[in-house]
Amino acid sequence: MSFEWPWQYNFPPFFTLQPNVDTRQKQLAAWCSLVLSYCRHHKLYTVDVMEAQESPVFNNKKIERKLSVEAIQVVFEELRKKGNLEWLDKNKSRCLVMWRRPEEWGKLIYQWVSKNGMNNSVFTLYELSNGDDTDGEEFHGLEDWMLQRSLQALQTEGKAEIIAMDDGKGVYCV
């Protein structure tokens, strides 16, 4: 399945941050939506700002436009404010993109556990993210850092308990 670009992507002014406050807010909302959709489609979690400028999401070769590194930083900062991005370093050169927040992933995992009658069961983190039983689930292949945050969110809600196991971590789902 190929990625569907929004109409703005082929509109040259989209690649220049607009000076009018209202227009800029709409533009940033469109950029945030595009970045999250693109990362979700390609299952991207970690982004390097310098590499991002050459990525198709910020570089439309068809219309020969690309978003500047400064503008990419503005878009990423907007995503951070919304809780969809965390910087990995003080220089803000690499970031984690959360096209789904940990609480949302936790909810999906818990729904899968409940739907399959696996409450009161213990799972390894590997079983949840890479096991045969979860193949085809949206959270299958979830990166370890996000899986752990998702399980922490479930633990906070009292729906799971993270436990130490001989070969790493596991989770008990209530």
Any salt bridge between Arg80 and Glu77, counting N to O under 4.0 Å?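 Yes.
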Is Glu86 salt-bridged to Arg149, cutoff N-O under 4.0 Å?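 Arg149 and Glu86: salt-bridged.
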So do the side chains of [X] and [Y] get within less than 4.5 Å of each other, counting heavy atoms only?
| X | Y | answer |
| --- | --- | --- |
| Ile63 | Phe15 | yes |
| Leu147 | Ile109 | yes |
| Lys82 | Cys32 | yes |
| Val122 | Val171 | no |
| Asn59 | Gln53 | no |
| Met146 | Pro102 | yes |
| Leu125 | Leu151 | yes |
| Ser55 | Tyr38 | yes |

Can a side-chain donor-acceptor contact be found between Lys92 and Gln73 if the only test is distance below 3.5 angstrom?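 Lys92 and Gln73 do not have a side-chain donor-acceptor pair below 3.5 Å.
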Side chains of Asn116 and Asp133: donor-acceptor distance under 3.5 Å anywhere?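 No donor-acceptor contact under 3.5 Å links the two side chains.
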Between [X] and [Y], which heavy-atom pair has the shortest distance, and what is it?
| X | Y | result |
| --- | --- | --- |
| Trp87 | Cys95 | CE3-CB, 3.7 Å |
| Val57 | Trp31 | O-CZ3, 3.3 Å |
| Val174 | Ala160 | CG2-N, 4.2 Å |
| Ser150 | Gly106 | CB-N, 3.7 Å |
| Phe123 | Glu127 | CA-OE1, 3.3 Å |
| Leu108 | Phe139 | O-CE2, 4.0 Å |

Side-chain heavy atoms nearer than 4.5 Å, only ILVMFWY residues, links allowed to pass through others: does that put [X] and [Y] together?
| X | Y | answer |
| --- | --- | --- |
| Trp145 | Val47 | yes |
| Ile163 | Val113 | no |
| Tyr126 | Met118 | no |
| Leu28 | Val21 | no |

May I ask you to decide if [Y]'s main-chain N or O and [X]'s side chain share a donor-acceptor pair within less than 3.5 Å?
| X | Y | value |
| --- | --- | --- |
| Thr156 | Gln152 | yes |
| Asn60 | Lys62 | yes |
| Thr134 | Gly131 | yes |
| Ser37 | Leu34 | no |
| Gln155 | Ile162 | yes |
| Glu51 | Val49 | no |
| Gln18 | Pro13 | yes |
| Gln25 | Asp22 | no |

From [X] [atom1] over to [Y] [atom2], what is the distance, rounded to the nearest 0.5 angstrom?
| X | Y | atom1 | atom2 | result |
| --- | --- | --- | --- | --- |
| Glu137 | Ser129 | CD | OG | 13.0 Å |
| Asn84 | Leu36 | CG | CG | 4.5 Å |
| Trp105 | Gln148 | CH2 | CD | 15.5 Å |
| Gln8 | Asn10 | CD | CG | 10.0 Å |
| Leu154 | Glu161 | CG | CD | 12.5 Å |
| Leu96 | Leu79 | CG | CG | 12.5 Å |

For [X], look at atom [atom1] and say whether over 12 heavy atoms of other residues, nucleotides or ligands are found less than 6.0 Å away.
| X | atom1 | result |
| --- | --- | --- |
| Arg94 | CZ | yes |
| Asn20 | CG | yes |
| Lys26 | NZ | no |

With ring pair (Phe, Tyr, Trp, His ring centres under 6.0 Å) as the test, would you mind laying out the steps for Trp5 and Phe3 before giving the verdict? CA-CA 6 Å; Trp5 299 99; Phe3 183 73; 4.8 Å; yes
Tell me whether the NZ or CZ atom of Lys66 lies within the 45° cone about the ring axis of Phe58 and under 6.0 Å from its centre.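 The answer is no; the distance or angle limit is not met.
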Geometric cation-pi criterion Arg40 and Trp99, 6.0 Å radius, 45° cone: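 Relative to the ring axis of Trp99, which defines the angle, Arg40 lies outside at least one limit.
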Could you go step by step and tell me if Lys43 and Glu143 meet the salt bridge (Lys or Arg N to Asp or Glu O under 4.0 Å) rule? CA-CA 10 Å; Lys43 291 197 170 198; Glu143 290 192 2; over 6 Å; no
Val97 vs Cys39, test: side-chain contact (heavy atoms from CB on, under 4.5 Å). Steps then yes/no. CA-CA 8 Å; Val97 177; Cys39 288; 3.9 Å; yes
